[in-house]
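Each chain gets a letter, A, B and so on, in the order the sequences are listed, and its residues count up from 1.
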Protein chains: 2
Amino acid sequence: MADGYDELTGRVTIRTVAADAGVSVAAVSKVMRNAYGVSDALRLKVEASIEKLGYRPSVAARGMRGRTFTVGVLLVGIDNPFLPSIYQGIESVTEVSGYKIMVGVGAARARTEVTLIEQMIDNRMDGLILVASQIAGETLEHYARQIPTVVVGHHEPAALGYDTINNDDRMGAGLAVKAFLERGYRDIAFVFPTDDEDHSADVAPQREIGYRMAMAEAGLPARVLALPNYSAPREDRIRAILTAPDRPRAIFCWSDLDAIPLLDEARRLGLRLPDDLALIGYDNSPMAGLSVVDLTSVDQNGPRLGKLAAEALFTRMNGRTVAEHILIEPKLVRRGSL
Amino acid sequence: MADGYDELTGRVTIRTVAADAGVSVAAVSKVMRNAYGVSDALRLKVEASIEKLGYRPSVAARGMRGRTFTVGVLLVGIDNPFLPSIYQGIESVTEVSGYKIMVGVGAARARTEVTLIEQMIDNRMDGLILVASQIAGETLEHYARQIPTVVVGHHEPAALGYDTINNDDRMGAGLAVKAFLERGYRDIAFVFPTDDEDHSADVAPQREIGYRMAMAEAGLPARVLALPNYSAPREDRIRAILTAPDRPRAIFCWSDLDAIPLLDEARRLGLRLPDDLALIGYDNSPMAGLSVVDLTSVDQNGPRLGKLAAEALFTRMNGRTVAEHILIEPKLVRRGSL
DNA sequence: TGATTTACGTAGAACGGTGCACGATTCTGG
DNA sequence: CCAGAATCGTGCACCGTTCTACGTAAATCA
């Protein structure tokens, strides 16, 4: 097997190519990485052999010494309708750069996410984009020392070791409140997800702050209603909110994920939107645009977030060490629920 | 650096552990893989060091010789609401077995998917689960020779090199037609996705066959209406279908993905369901259950499909070579649209 | 008790790449 | 025309594991 071709597995290695092209292994490696010191003649020979043999470098072997040309993307969960647009934005950048993406799917639990991050480090990915991670900032700093990291949908403006890319959640909340006020609503509540873990850096608390600020500015009392995230009493709680005698006339909901069930139950109860209840969600998910749903929602511009995140990751992988914290402007998409 | 500890990266390697525990590198490796020939005393010593140092083996390095304990899951796209349930099923199996999952996201294009499969092979994953892949059976055979492979949502009952796990799409279509017939509908159309690529192994054509068979059995003429998949004339086509003078009274739609926009437009046009138009979709996606949507749909039991796929993959990775082709029974979930 | 077997632990060669150090050319400019 | 600088290509030592082959000590058997 002096030519590096393993007849058993049929695997073509860098040695197969080198033998076929009549050059050294190092030369082939150089061509692959288009490193310095390769003549056109050599390049052509090698590329011909690569093409002929269908050679693909082993990412595993590469990972042991050099780069893998792979970035890991960690998503909170797979069922969140907000993720595809961000993913798309990331992909639009990696696609042209020749980098590959590997996705890890968390289950909105910090423990799982930590495991996935470690897995990506162990796989020697070149960089990491964490989307809506639930992990504490301190822990993130720890991992970010081991691998270039960019975080999307998680506010950590003072982080030193990694970048954060977010939409301005406070401003988004402000847009929603302002829209209600313009239409004359005064009794405006905020629906907030309760959770077992504490994550003040997550987007929801930021939206709450924005809501409170806007309400205070208008001289109105804040009213925050909790809604359990996944547990069974969720539907009961929704019904309770909607049937309470002091039901708010307007609700700003931290996410479409909750706004849509809320809207759904409201319609079932015979409430007319926006006359009986005005509702604004967040994320402008595809479902919100259905005419049967017709939910007004704050749009974060997912593709842009993803694009910025990927771009930040690349500059970081190329040596930038000072952290960048980008905030982009959300905008309100008006529909029938307000 | 004789102890294997790299002070620069801070990375703990198998050598660090071996030095700390005062044993050989090979011994540590044995403990990690719980291989044969390890005394309790040795195991304890090594495990203590592993724990103390927080050692995690490098997947990249592992991939060069042995297994990576990672399986790749290739998903058609990230925005398909049918995928989370399957993924969940897969995860429920890998979770307890200590295997990790890496996800590749195709863009419903065979070219992209092929690249991702190669990437997973290059990453030395131990096995592959392809969900709703668009790749031709012949090509799949080629890759399946290089890595244990299980395919979900793609009918290839004669495949030799890989397993297929599916719900019985023909039966599912039959259930839908039968439900219409029971309610007295006779004018039943099938809405079918048109696509640039040809994929007779995909689920939609199977559903079409099931539909045609059930209609023939009832002595009724089949009526198939095409709907472009992503392109712009899509909305126009939906409107055309719904406003045509000979608009069908009942529509069986190959997927909720199309059924929901169809339903949405129907409501917008003032049609009442099921009186003016009866509609059944496929996949029973979360959206179908919203009371504002309230779409009757065929349920494939995604979690079960995922679970079976993962189990098949594990037996295959453990040496099984004869292909398995499993078909499970779908069931109709009745809601207001019929 | 001596001869096998069994159990345990180790040395060292892979695995498939990368990248440094270096030698051999070919280009420069004075 | 020659010294020095670019340019090009190669040899080889890694990277962090696995795993085969082998040595040694303890256990079992006749």
(request) Verify the contact: side-chain N or O of B:Ser39 to OP1 or OP2 of C:dG9, cut-off strictly under 4.0 Å; return yes or no. (result) yes
(request) Starting at atom CD1 of B:Ile121, determine the distance to atom C1' of C:dG16, rounded to an integer number of angstrom. (result) 16 Å
(message) I need the CG-C1' distance between A:Asn34 and C:dG19, as an integer number of Å.
(response) 15 Å
(message) Any base atoms under 4.0 Å from B:Arg56, or only sugar-phosphate, or nothing? Heavy atoms, all strands.
(response) sugar-phosphate
(message) Quick check on C:dA7: is either OP1 or OP2 less than 4.0 Å from any side-chain nitrogen or oxygen of B:Tyr36?
(response) yes
(message) Quick check on C:dT10: is either OP1 or OP2 less than 4.0 Å from any side-chain nitrogen or oxygen of B:Ser24?
(response) yes
(message) Atom CZ of residue position A:Arg56 - does it have more than 12 heavy atoms of other residues, nucleotides or ligands inside 6.0 Å?
(response) yes
(message) If you only use heavy atoms from C-beta on, which nucleotide in C:dG9, C:dT10, D:dT10 is closest to the side chain of B:Ala27?
(response) C:dT10
Give every pair of a protein N or O atom and an N or O atom of nucleotides 18-20 of chain D that lie under 3.5 Å apart, one pair per line with the distance.
from	atom 1	to	atom 2	distance (Å)
D:dT18	OP1	B:Arg62	NE	2.9
D:dT18	OP2	B:Ser29	OG	2.4
D:dT18	O2	B:Arg65	NH1	3.1
D:dC19	OP2	B:Arg33	NH1	2.7
D:dC19	O4'	B:Arg65	NH1	3.4

(request) Assert yes or no for the condition that the ring centre distance of A:Tyr99 to A:Phe314 is strictly below 6.0 Å. (result) yes
(message) Checking B:Thr315 against B:Arg320: is there a side-chain donor and acceptor pair closer than 3.5 Å?
(response) yes
(request) In whole angstrom, give the distance that lies between atom CD1 of B:Ile50 and atom P of D:dT17. (result) 10 Å
(request) Round to a whole Å and report the spacing from CZ of A:Arg11 to C1' of C:dC15. (result) 11 Å
(request) Step by step, work out the side chain to side chain contact (heavy atoms under 4.5 Å, CB included) result for B:Met317 and B:Val71. (result) CA-CA 10 Å; B:Met317 291 194 305; B:Val71 306; 4.2 Å; yes
(request) Would you mind classifying the nucleic acid contact of B:Arg124 as base, sugar-phosphate or nothing, using non-hydrogen atoms under 4.0 angstrom? (result) sugar-phosphate
(request) Take atom CG of B:Asn123 and atom C1' of C:dC15, then tell me their distance rounded to the nearest Å. (result) 15 Å
(message) With side chain to side chain contact (heavy atoms under 4.5 Å, CB included) as the criterion, how do A:Ile328 and A:Arg304 come out once you've worked through the C-alpha distance, each side chain's angles and the decisive distance to 0.1 Å?
(response) CA-CA 9 Å; A:Ile328 71 172; A:Arg304 178 115 195 279; 3.7 Å; yes
(message) Between B:Thr115 and B:Arg111 (side chain of the first, backbone of the second, donor and acceptor by atom type, cut-off under 3.5 Å), is there such a pair?
(response) yes
(message) Nearest whole Å is fine: how far is C:dG9 P from B:Leu44 CG?
(response) 12 Å
(request) Measure from CZ on A:Arg43 to P on D:dG9 and round the result to the nearest Å. (result) 10 Å
(request) To the nearest 0.5 Å, tell me how far B:Asp126 CG sits from B:Met120 CE. (result) 12.5 Å
(message) Strictly distance-based, threshold 3.5 Å: is any side-chain N or O of B:Asp20 a donor or acceptor partner for the main-chain N or O of B:Thr16?
(response) no
(request) Begin with the C-alpha distance, continue with both residues' side-chain angles, and end with the deciding distance and a verdict on salt bridge (Lys or Arg N to Asp or Glu O under 4.0 Å) for B:Glu113 and B:Arg109. (result) CA-CA 6 Å; B:Glu113 292 183 8; B:Arg109 290 196 318 262; over 6 Å; no
(request) Enter the inter-axis angle for the ends of the helix from C:dT1-D:dA30 to C:dG30-D:dC1 (five pairs per end, rounded to 10°). (result) 30°
(message) Please report the distance, rounded to the nearest Å, between CE in B:Met64 and P in C:dT18.
(response) 11 Å
